[in-house]
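When a residue number appears, it is its place in the shown sequence, counting from 1. Computation of the quantities below employed the complete heavy-atom set of this structure, encompassing side-chain atoms and omitting hydrogens, waters and symmetry-equivalent molecules. Computed from a predicted model, the values in this text were never measured in an experiment.
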Amino acid sequence: MSMLVVAASALHGTSAPAESLEGMHGSLGTLLGPGAALAFALALLASGLAASSVGTYSGQVVMSGFLRRRIPLALRRLITMSPALAFLATSVDPTQALVLSQVILSFGIPFALVPLVLLSRRGDIMGPFVNRRTTTVAGAVVALVISALNVFLLARTLLG
């Protein structure tokens, strides 16, 4: 969030090109110095690594907990990073790749929310921690809104 606030403050009212990741990097370097451009690049890299780590770890939990399978760490990292690296190797625009990856990733949210709402309302599973009816209804509304926004996002991304 701080990265966005600093960039918005620095670029507001300027004619600096910020239509792409390269443009943003260059503009921040010009306006705030090379340290800010480096910080932007490192923050972007760190956020990507953090997202990849979360995805890899959640996959590990699912594989070991539910499917009772173990994949060696090096192979697991190779499997999870290969699609992204192959995609970037095709010389696609990094900004478009980032936007497309976020659109695709957003579709995982309903697949987590809907089972969460359905399972957390069941007393036989949750015991004394079962959700109240109002919490379940609120969760269902949120899941429905997010799903509708994802459909809108997909339509807007694919249709322009």
Side-chain angles (χ1 to χ4, degrees), residues 1-67 69-117 119-120 138-139 141-160:
M1 185 67 175
S2 63
M3 185 171 68
L4 289 174
V5 170
V6 168
S9 297
L11 297 175
H12 181 69
T14 69
S15 61
E19 298 288 322
S20 66
L21 293 175
E22 293 89 355
M24 179 65 75
H25 182 265
S27 297
L28 287 175
T30 302
L31 293 171
L32 300 176
L38 178 63
F40 171 76
L42 291 175
L44 197 59
L45 179 63
S47 68
L49 290 173
S52 297
S53 298
V54 168
T56 302
Y57 185 66
S58 64
Q60 173 189 339
V61 169
V62 168
M63 290 289 286
S64 65
F66 293 121
L67 303 178
R69 296 204 176 253
R70 308 249 338 129
I71 297 175
L73 180 62
L75 180 60
R76 190 168 57 236
R77 286 184 180 160
L78 180 67
I79 291 169
T80 57
M81 295 302 289
S82 292
L85 294 175
F87 188 70
L88 289 175
T90 64
S91 301
V92 70
D93 175 32
T95 304
Q96 284 301 103
L98 181 64
V99 170
L100 184 60
S101 73
Q102 296 310 300
V103 169
I104 292 168
L105 286 173
S106 72
F107 280 89
I109 295 171
F111 291 104
L113 278 180
V114 171
L116 179 67
V117 170
L119 294 174
S120 63
V141 168
V142 167
L144 184 66
V145 168
I146 289 174
S147 298
L149 287 171
N150 279 337
V151 169
F152 172 75
L153 177 64
L154 180 65
R156 184 164 179 181
T157 301
L158 294 178
L159 302 176

Can you tell me if Ser27 uses its side chain to pair, donor with acceptor, with the backbone of Met24 under 3.5 Å?
no
When every non-hydrogen atom of Ala41 is compared with those of His25, the smallest separation belongs to CB-CD2, 4.1 Å
One should read off an interatomic distance between Asn150 CG and Ile109 CD1, to the nearest 0.5 angstrom, of 6.0 Å
CG of Leu149 to CG of Leu154, rounded to nearest 0.5 Å, is 12.5 Å
Output for pair (Leu38 CG, Leu45 CG), nearest 0.5 Å, gives 10.5 Å
